[in-house]
Each structure stands twice: as C-alpha cells, then as structure tokens.
Amino acid sequence: MEQLECEEGSSTFRFGSGWDLYLSGVDDLPPRSSGSNETVTTCRGFPPITLTKFGRTVAAPDLIARTELFRTVPDPVAAVQKAMAASLPPGGQRKAVGEPTFMAAGTLALACRHNLADGFPMASCFWADYGAVGAIDYFPPGGDGHFAMTQAVERTKEFAGTALRGADVR
C-alpha cells in the first residue's frame, strides 16, 4: 500500500479521549518468539486528515493498523471473530453500527464493521491467516459518515497481502 509509515513494536495512536488501537482477543495464541517487539508492527496512513465531530477536531491518519505474528493461528476465521468481539463488545466504549461484513479468501479471513468511538465514525477491520492477526481502523475525511464498507474490505485485503509478503509467517 502507498503512503504508509510502519514501525516495529507496540506503538499506540491516541485520538479523541485517549483511545488506542490494540489487538484484543489473541491472548491464547502462541507467540512467534519471546521478544514481543519483533512480532508486532504498527502502521499509519498518510497524509493526515482532520476529523471533526460534535465540536471536537483532531488530526488523524486516514488509517491505523496493527499486525501481530504468531507461531500458529489454528483457525483464522475464529481468530477474526474473537478479535472483533473483544474490540467491539456490546455495551463497550466503541459503539458498533450495523451488521458486520465477513469474508474468507484462500488462507485469509476478515471481518469489518462500522463503529463510533468518541462520536467519530470509523470502519474497523480484523484479519487473520495461519500466522498473523491484524486490525485496521479507517477514518473518513472530515469525520462525515462512515468509510465505505466495500472500500474497507478491499483495502484490508491489500494491506494483509502486503503485510504477509513482508513477513516470514511459515
């Protein structure tokens, strides 16, 4: 993907009232190695956009992504469902909107869902294959409406393919 800035390690991104992107629901998967920083990559999309909602304005990348490598992910579909449920639980701080979109293609499973965090609309996508799990938040320019679900799915497939080509996940 173009215009991404990535770094190894568990970097966070704060927006609104201090929200961070992290990957939930993967605690039971075996780590790739003993050093956690070499198994986590955080990426931001540029150029930054401005989000304005309910009188609040923040600068944000157009996407923020986190990928974690594991020794094995026995069931990518279950991993994606678990990550989405842990990140967007009913009654959680992020409010899920509409129905989720699920798909599987080859060894890749993914699920995307619109949600609100601090009133900011976004599309959150979760993906997994047999060696990695990832999460991406997409923010719409200007904070108006939600990022198109079809575009979120296509960009997530592209991102996952790029992330997996750059990592030895065998």
Side-chain angles (χ1 to χ4, degrees), residues 1-6 13 15 19-32 39-46 49 51 60-117 120-141 143-170:
M1 291 181 76
E2 295 181 23
Q3 297 188 346
L4 284 180
E5 179 180 284
C6 299
F13 171 72
F15 65 95
W19 297 83
D20 288 332
L21 176 70
Y22 59 95
L23 196 51
S24 300
V26 295
D27 295 338
D28 59 341
L29 294 174
R32 179 91 170 143
T39 63
V40 177
T41 302
T42 304
C43 298
R44 294 165 186 81
F46 286 96
I49 60 173
L51 298 175
D62 68 340
L63 70 86
I64 184 89
R66 182 178 176 109
T67 302
E68 294 189 27
L69 300 178
F70 297 96
R71 195 173 328 117
T72 183
V73 178
D75 185 346
V77 172
V80 162
Q81 291 171 335
K82 190 172 181 183
M84 177 179 275
S87 296
L88 299 173
Q93 293 177 321
R94 287 189 180 194
K95 307 297 180 213
V97 177
E99 294 299 316
T101 297
F102 292 98
M103 69 146 298
T107 63
L108 181 69
L110 72 86
C112 297
R113 189 161 193 182
H114 287 133
N115 62 95
L116 296 170
F120 293 107
M122 65 177 69
S124 295
C125 294
F126 305 87
W127 62 270
D129 80 340
Y130 290 99
V133 180
I136 305 177
D137 285 336
Y138 296 100
F139 301 93
D144 296 327
H146 284 282
F147 195 85
M149 189 58 63
T150 55
Q151 189 177 9
V153 168
E154 289 306 311
R155 286 186 75 186
T156 300
K157 288 187 329 190
E158 179 184 2
F159 179 86
T162 301
L164 295 172
R165 276 192 295 276
D168 178 12
V169 293
R170 286 173 283 178

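- Between L108 and A160, the shortest heavy-atom contact is CD1-CB, 3.9 Å.
- Evaluation of the side-chain contact (heavy atoms from CB on, under 4.5 Å) rule for E154 yields K157 as partners, not counting sequence neighbours.
- Note: K82 NZ to D75 CG = 11.0 Å, rounded to the nearest 0.5 Å.
- Side-chain contact between M149 and C112 is present, with heavy atoms from C-beta onward closer than 4.5 Å.
- Residues meeting the side-chain contact (heavy atoms from CB on, under 4.5 Å) test with A123, sequence neighbours left out: H114, Y138, F147, A152.
- Looking at every heavy atom in both residues, V80 comes nearest to A111 through CG1-CB, 3.4 Å.
- In this structure, CG in L116 is found 10.5 Å from CG in L88, a value given to the nearest 0.5 Å.
- Summarising the geometry, atom CD1 belonging to I136 is positioned 13.0 Å from atom CE belonging to M122; distances are rounded to the nearest 0.5 Å.
- A donor-acceptor pair is defined here as one N or O able to donate and one able to accept, closer than 3.5 Å; such a pair exists between the side chain of R113 and the backbone of G98.
- Rounding to the nearest 0.5 Å places OG1 of T156 at 10.0 Å from CD of Q151.
- The CE atom of M84 lies 7.5 Å from the OG atom of S124; values are rounded to the nearest 0.5 Å.
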